[in-house]
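Residue numbering restarts at 1 for every chain, and letters A, B, ... go by the order of the sequence lines. Worth knowing before you read on, the calculation uses all heavy atoms, side chains too, and leaves out hydrogens, waters and symmetry mates. Every value quoted in this text rests on a predicted model; they were computed, and no experiment measured them.
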2 protein chains.
Amino acid sequence: MALSHVAPKAFIQHQNLVEQVADYLTQAIIQQHFLPGERLSEVQLSKDLGVSRAPVREAARLLESRGLLISKPRRGFFVRALNAVEFEDVFDLRLCLERHAIEHLAERYSVEAQRALEQQVEVLCEAALGNDETRRIEEDLQFHRLMLHYAGNERLLKAFDGLTHELRLCIALITKTHDAPDTIATSHFKLLEALASGSPAACREAIDYHIGVARKFVVRGVGEPGEPGS
Amino acid sequence: MALSHVAPKAFIQHQNLVEQVADYLTQAIIQQHFLPGERLSEVQLSKDLGVSRAPVREAARLLESRGLLISKPRRGFFVRALNAVEFEDVFDLRLCLERHAIEHLAERYSVEAQRALEQQVEVLCEAALGNDETRRIEEDLQFHRLMLHYAGNERLLKAFDGLTHELRLCIALITKTHDAPDTIATSHFKLLEALASGSPAACREAIDYHIGVARKFVVRGVGEPGEPGS
DNA sequence: GTTTATAAAACTGTCGACAGTCGGCAGTCG
DNA sequence: CGACTGCCGACTGTCGACAGTTTTATAAAC
């Protein structure tokens, strides 16, 4: 592994090594600098990043809990390889969480929440016009995070955050999503309308449609179930 | 392949220190040997358990991701202290997950699933007659885990498992639940009936009632929001 | 007696090192 | 020629130690 993508040694500022390593690994995995199923060498990473193995190990455990890595005892950490079934499961869980959230939100839709969401949709639409796919995805996720937040259950948001890491992975793996970026962006307006209507049923219908579209964009060309070789 | 006579899985279980420490801590927290909000000293734990600090730290990170601990930078790890709001949030999330699961399950209720669930309810009822509260809780959770499992989304089950740790904590904190153990046990029958009917709506109603009862038992005498003193 | 300044203690974050283990490779035996 | 065995390198799991920071204890000043 020549690791040509590796960051300069001084990239890591002495501040919170574990988090920094975790962030670095997250980016590297999502950008597919490490292939799914690939084994991560602790020593190699330590050398590349210029830190010791302790923070690398702790960061790896963090990413394991986020579903980006899996650990095999005495073997080390491997990049999570998602198959089609797990793909569907992730989106199904997402649907579960967001349905619940939006139904709650519909019944407690404050002016503050409305303004925040509308503003975020504007940001999202703006991002959709540009070419920065990463930013578009992040703004999209941010909209949904806001929705979860204003739904009033922080634990729900936390669960969603635990999922966004995998979601990013899902999206990144198929990344050829740019069929109709503006379509996805504008489809958020329907969510706003449903919320404004105050009808939980309408909200549920809207979110079902919304996530269904997103899933359809992503689940396309996903490989067969089974572990790609290490 | 001369391994057919060998005991299933590995006869020699060389369990990681990390997992062992994590299990120990989990038990200690749930049994309230560590009070909520209390600070955990890494060195002290290392000495008590006879291991070095590295596995203790990694175990603590694991428990942090499970919601039993929280880490404050440069301060260390603290036992999670749940207030009434977080309490409600946990149960609300649980409701969200189980609604989704049971509605799915209703549409794919196999004979295998039905048999497994009915058997588990029997085990649960049996456990309810005894005095072992811990076992009752575990059997209860196991029933719900089975339900999630047969719903066909492993990711959903994983999310639930991430919640069971907190659930156990919730239950342990209030632990005076033994008002009517058999009531709770038998109330599972209603879930079985709803599933057998094949109606998602009936299932939803049943699970709403079921979890509502459970929550009512637990949410009682929960303190005010805010951090209890160390 | 209370408050501030200072010193000591305790603790976390991080590191380098050692030992046991795993996978692969070569050599050996059938 | 194929299967088994023992060795070798690489790596993980774990440890003890050091440095910087936070907290506590102590002392001085008001």
Pair A:His144 and A:His188, ring centroids less than 6.0 Å apart: yes
In plain terms, say whether A:Arg136 and A:Glu139 are close enough for a salt bridge, that is, a side-chain N and a carboxylate O under 4.0 Å apart. no
Please report the distance, rounded to the nearest Å, between CG in B:Leu45 and P in C:dC11. 11 Å
Does B:Arg39 use its side chain to pair, donor to acceptor, with the backbone of B:Arg75 at less than 3.5 Å? yes
Interatomic distance, CG@B:Asn153 vs CD@A:Glu86, rounded to 0.5 Å, equals 10.0 Å
With a 3.5 Å distance limit and no angle check, can you tell me whether A:Glu38 reaches the backbone of A:Leu35 through a side-chain donor-acceptor pair? yes
What string of B, S and - do you get for nucleotides 12-24 of chain D, 5' to 3', if B is base contact, S is sugar-phosphate-only contact and - is no contact with any protein heavy atom under 4.0 Å? BBBB-B----SS-
Output the rounded distance in Å from CD (A:Glu19) to P (C:dT12). 17 Å
